[in-house]
Q: 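This is the structure I have questions about; it appears just below.
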There are 2 protein chains.
Amino acid sequence: MTARRPRQLNPRKIPRQARSEATVRAIFEATIQVLLQLGFARLTTTRVAERAGVSVGTMYQYFPNKEALLHAVVSHYLDRVAAAVEESCARTMGKPLGTASDALVSAYVMAKCGDIAASQALYRASSELEVSEPVTAAFGRLNRAAARLLGSAPDAAFEDIEDVAFSLVAALTGATRVAIENNADRRGLDAFHRKMLEMSRAFLHSASMARSRQSAVRDERPVP
Amino acid sequence: MTARRPRQLNPRKIPRQARSEATVRAIFEATIQVLLQLGFARLTTTRVAERAGVSVGTMYQYFPNKEALLHAVVSHYLDRVAAAVEESCARTMGKPLGTASDALVSAYVMAKCGDIAASQALYRASSELEVSEPVTAAFGRLNRAAARLLGSAPDAAFEDIEDVAFSLVAALTGATRVAIENNADRRGLDAFHRKMLEMSRAFLHSASMARSRQSAVRDERPVP
DNA sequence: CTAATATGTGAAGTGGCCTTCATCTTGTGG
DNA sequence: CCACAAGATGAAGGCCACTTCACATATTAG
């Protein structure tokens, strides 16, 4: 419940030389690799450092503790996904509903499937260990982007955009998670992608039509 | 990947007297409570035993290790959810597509929301700690039940029932997870429930119509 | 080139948690 | 009522991971 942060999560020191930047990158990648190969339960600071080719002490120079490490890795990854979706939404503002729907779905699915290994690894990490805050933040960004996009479609009108956007994004993100966890091969994911395009379009048209019918009865004046 | 099971997961002993059955129940409930109040990372065998009002040794008489405990709790919970959905599907076989869709969605959402606390707690646990096997099993049951249900609808025909069922169940389960994790109040969940009913109907009708159009073109002979 | 600063090292300390087992208590069949 | 089985106890062992810190090495500035 309470998003308490009893521990320091900010980097203890920021990289100033090229050498240390490479170190931090190596630690990031090592974290994902360990997560993938050994799972969260067997991810230890020593193992990550070893895999990254640095000593444990080095790791603790940039991340005050293990939790901060996971937090950083998850946040960095979610940032990229959210940014990709936001950008796609921005490019599609004002387009018809079907186009907007496709853009939203494809941007998300492709961002997640661009690096399936990383996605799988981070689903494992993000689920537990108090990293729920960056997950919630990223979800909020998707939610807002979707709501704005839907609101901008000229051929649609929703009476409860918030609920529609929430449900759509929940279905999209949740289903993608299930698909990636259960069905990692490209073929299955392609089929899944197509079905999600269809599901989103169908849902949005249905939700939009419901409004049209009602508004046509209630008041006739067109939207400004 | 490999579903290795290096550790014994079966109960070390099964309860024979009423006393011990109560003990096991108490341990189950204590596990959920600890999970909810302290999170997975701080769930320890000692704490669960303490909360259950028994000693650690007692716990180890029924569960050979911590992992087995979590496995048992998660499996038990998922069994109930899967059974509820299967039963609802069985009752709805042969009904029109819209009815079937509603039954599937409502059965799942209500099973999950019946005990929101437990659902939240178990989402935390099931994500990590090698309990993915019961999750996969339950998902498979839902998937098969959905596929059979869709196949039985007299007013629908799908060219790829497997993909449709998979995507629908993925969206349903994934979205519900997101909703429960993000949005625990009853009001929001009710709105979510309604939207999922709408999404499922819209998707299924769309997927079914696509088939109708194609089959009408390709061959005219009715399905046997 | 030298001092100052940034970065890297890894053995050792510390604490917590899982698990065991010798022993005690409670229930049951004869 | 007794003996045997089932159930319960919890202190102690052992293991393992996180984290620290005194010291070594590399880089940069002047």
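To find a chain, count down the sequence lines: A is the first, B the second, and so on, and within it residues start at 1. What you see is a predicted model, and the numbers here were worked out from it, not measured in a lab.
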Q: What pairs with B:Ala117 under side chain to side chain contact (heavy atoms under 4.5 Å, CB included), at least two apart in sequence or on another chain?
A: B:Leu36, B:Asp115

Q: Among pairs that include at least one residue of residues 141-151 of chain A, which meet side-chain hydrogen bond (donor to acceptor under 3.5 Å, both in side chains), considering only residues two or more places apart or in two chains?
A: A:Asp79-A:Arg141, A:Glu86-A:Arg141

Q: In whole Å, I'd like the distance from the CG atom of A:Leu69 to the P atom of D:dT19.
A: 10 Å

Q: Bend across the helix from C:dC1-D:dG30 to C:dG30-D:dC1, to 10°, with axes taken over 5 pairs at each end?
A: 20°

Q: Separation of A:Tyr60 atom OH from D:dT20 atom C1', in whole Å?
A: 10 Å

Q: Roughly how far, to the nearest 0.5 Å, is the OG atom of A:Ser119 from the NZ atom of A:Lys112?
A: 5.0 Å

Q: Starting at atom CD of A:Glu50, determine the distance to atom P of C:dG8, rounded to an integer number of angstrom.
A: 17 Å

Q: If we count only N and O atoms by modelled type, under 3.5 Å, do the side chains of A:Arg51 and A:Gln37 hold a donor and an acceptor together?
A: yes

Q: Is the B:Phe40 to B:Tyr123 ring centre distance short of 6.0 Å?
A: no

Q: Find the distance A:Leu70:CG to D:dC18:P and express it as a whole number of Å.
A: 10 Å

Q: Name all residues meeting the side chain to side chain contact (heavy atoms under 4.5 Å, CB included) criterion together with A:Ala84; count only those two or more places apart in sequence or in a different chain, and write none if there are none.
A: A:Ala111

Q: When the distance from CD of A:Gln17 to P of C:dG8 is rounded to whole Å, what number comes out?
A: 8 Å

Q: For every nucleotide of nucleotides 8-17 of chain D, 5' to 3': is a protein heavy atom under 4.0 Å from its base (B), only from its sugar-phosphate (S), or from neither (-)?
A: BBB------S

Q: Whole angstroms only, please: what is the CD-P distance between A:Glu21 and C:dG8?
A: 11 Å

Q: My understanding is that only residues two or more places apart in sequence, or in another chain, count here; which of them pass salt bridge (charged side-chain N to carboxylate O under 4.0 Å, His left out) with B:Asp102?
A: B:Arg201

Q: When you measure from the side chain of B:Gln120 to the backbone of B:Ile180, do you find a donor-acceptor pair of N or O atoms at a distance under 3.5 Å?
A: yes

